[in-house]
Amino acid sequence: MPFGHDMAHSLTTVVELINTCPAVDGKEGLADLDALREFVTRRQVSGVESLTDEDLAEVYALRTAFYRIFTASDQATAVVRLNELLSRTRMTPRLTEHDGHPLHVHYFAPGAKVAEHLAADCGIALAHLMVAGEFERLRSCAAPDCGRVFVDESRNRSRVYCDSRTCGNRMHVAAYRARRRA
């Protein structure tokens, strides 16, 4: 399923945000405000003027909510969780062009704090994915020692590892070695 720029950007952002959570790999990926600033800059989260400790706490709560959506046992549960998240978000959809990106839609309200900005833009991207009947594209890595999440963008929805070069390769090598021992 090919995604437009804004949807692809928001889906990548929500995956990266979730994967900073200690529940994923035991490490805190947003340990302080500097790490949050770096994330905001790297993901080109526009309209964020300054960040506070309150922003960091709100982002922690938001990524937990997104993690619960990705790891929901079924689409109905994910929809309930996403609706709860979206209901707490002020939205003001508007068209914009910035930073060399083509025309796209921002959903966050002007002056929104970073967590509300992420909740609106990433939440809407997830909503569009679910409306399109693509909930099963929200995945957790199949490697037993990895808790990272990803969006399966493969044509036949067959991706099972967060990264084929790390988890995928490690699991394939382990399976090969197990077959050789047998």
Side-chain angles (χ1 to χ4, degrees), residues 1-24 27-72 75-135 137-139 148-153:
M1 165 177 222
F3 303 121
H5 162 266
D6 50 341
M7 186 163 171
H9 183 267
S10 293
L11 290 172
T12 301
T13 299
V14 73
V15 164
E16 284 190 26
L17 178 63
I18 294 168
N19 287 335
T20 67
C21 187
V24 169
K27 296 182 294 188
E28 176 55 70
L30 294 176
D32 54 30
L33 284 175
D34 288 336
L36 180 57
R37 275 187 203 93
E38 192 277 324
F39 176 83
V40 165
T41 300
R42 185 178 70 256
R43 294 305 315 147
Q44 298 179 327
V45 180
S46 60
V48 176
E49 300 291 322
S50 62
L51 296 169
T52 66
D53 288 331
E54 183 180 339
D55 291 316
L56 188 58
E58 289 172 359
V59 168
Y60 287 166
L62 177 64
R63 75 176 177 193
T64 299
F66 278 132
Y67 181 74
R68 292 184 66 236
I69 292 165
F70 264 74
T71 58
Q75 181 169 325
T77 303
V79 166
V80 168
R81 291 175 180 173
L82 183 56
N83 279 335
E84 287 172 5
L85 184 146
L86 291 173
S87 71
R88 297 186 307 263
T89 305
R90 296 175 301 137
M91 290 191 209
T92 308
R94 67 191 180 286
L95 295 170
T96 184
E97 289 178 292
H98 61 86
D99 299 323
H101 297 294
L103 190 64
H104 59 283
V105 181
H106 279 186
Y107 294 94
F108 61 93
K113 295 170 78 172
V114 66
E116 189 173 20
H117 176 137
L118 292 169
D121 280 351
C122 297
I124 290 295
L126 290 173
H128 283 294
L129 194 76
M130 288 187 203
V131 166
E134 301 289 351
F135 168 74
R137 290 186 183 275
L138 304 181
R139 304 264 175 93
R148 296 175 66 85
V149 300
F150 62 94
V151 176
D152 180 3
E153 294 184 52

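We number each residue from 1, following the sequence as shown. Quick caveat, the model's predicted, so the values are computed rather than measured.
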Student: With the side chain counted from C-beta on, respond yes when D55 and E58 share a heavy-atom pair under 4.5 Å apart, and no when they do not.
Tutor: yes
Student: With a 4.5 Å cut-off on side-chain heavy atoms, are R88 and E116 touching?
Tutor: no
Student: For the atom pair SG (C122) and NE2 (H9), what is the distance rounded to the nearest 0.5 Å?
Tutor: 8.5 Å
Student: Answer yes or no: is there a side-chain heavy-atom contact under 4.5 Å between N19 and V149?
Tutor: yes
Student: Shortest non-hydrogen contact from F150 to F70?
Tutor: O-CE2, 3.6 Å
Student: In terms of side-chain geometry, is the basic nitrogen of R63 or E28 positioned less than 4.0 Å from the acidic oxygen of its partner?
Tutor: yes
Student: Taking atom CZ as the centre, does R68 end up with more than 12 heavy-atom neighbours from other residues, nucleotides or ligands that are less than 6.0 angstrom away?
Tutor: no
Student: What residues, two or more places apart in sequence or in another chain, satisfy ring-ring contact (aromatic ring centres under 6.0 Å, His included) together with H106?
Tutor: H98, H104, F108
Student: To the nearest 0.5 Å, tell me how far L62 CG sits from I18 CD1.
Tutor: 9.0 Å
Student: Between atom CG of L11 and atom CG of D121, what is the distance when rounded to the nearest 0.5 Å?
Tutor: 11.0 Å
Student: Donor-acceptor pair, distance only, cut-off 3.5 Å: does the side chain of S10 make one with the backbone of M7?
Tutor: no
Student: Minimum heavy-atom separation for A120 to M91, with atom names?
Tutor: CB-CG, 4.1 Å
Student: Between the main-chain N or O of D152 and the side-chain N or O of R137, is there a donor-acceptor pair closer than 3.5 Å?
Tutor: yes
Student: Closest approach of R94 and P110, non-hydrogen atoms and distance?
Tutor: NH1-CD, 4.2 Å
Student: Please name the pair of heavy atoms, one in L30 and one in A35, separated by the smallest distance, quoted to 0.1 Å.
Tutor: CD2-O, 3.7 Å
Student: Please tell me if the side chains of V114 and L56 come closer than 4.5 Å, counting only heavy atoms from C-beta onward.
Tutor: no
Student: Quick one, E134 and V151 - any side-chain contact, counting heavy atoms below 4.5 Å?
Tutor: no
Student: Using side-chain heavy atoms (C-beta onward) and a distance below 4.5 Å, is T12 in contact with R43?
Tutor: yes
Student: Using the rule given for side-chain contact (heavy atoms from CB on, under 4.5 Å), can you reason through V79 versus F135, listing the C-alpha separation, both sets of side-chain angles and the distance that settles it, and then say yes or no?
Tutor: CA-CA 9 Å; V79 166; F135 168 74; over 6 Å; no
Student: State, with a plain yes or no, whether a side-chain heavy atom of F66 is found less than 4.5 Å away from one of L126.
Tutor: yes
Student: Roughly how far, to the nearest 0.5 Å, is SG of C21 from NZ of K27?
Tutor: 13.0 Å
Student: Taking all heavy atoms of A78 and all of I69, pick out the closest pair and write down the distance.
Tutor: CB-O, 3.9 Å
Student: On a heavy-atom basis, which atom in A119 and which in T89 lie closest, and how many Å separate them?
Tutor: CB-OG1, 3.7 Å
Student: Drop me the distance from Y107's OH to T92's OG1, to the nearest 0.5 angstrom.
Tutor: 12.5 Å
Student: To the nearest 0.5 Å, what is the distance between CG on D32 and CG on D53?
Tutor: 9.5 Å
Student: Between Y67 and V24 (side chain of the first, backbone of the second, donor and acceptor by atom type, cut-off under 3.5 Å), is there such a pair?
Tutor: no
Student: Can you find a pair of side-chain heavy atoms, one from L138 and one from M130, that are under 4.5 Å apart?
Tutor: yes
Student: Return the set of residues passing side chain to side chain donor-acceptor pair (under 3.5 Å) with E38 (not counting sequence neighbours), or none when no residue passes.
Tutor: R42
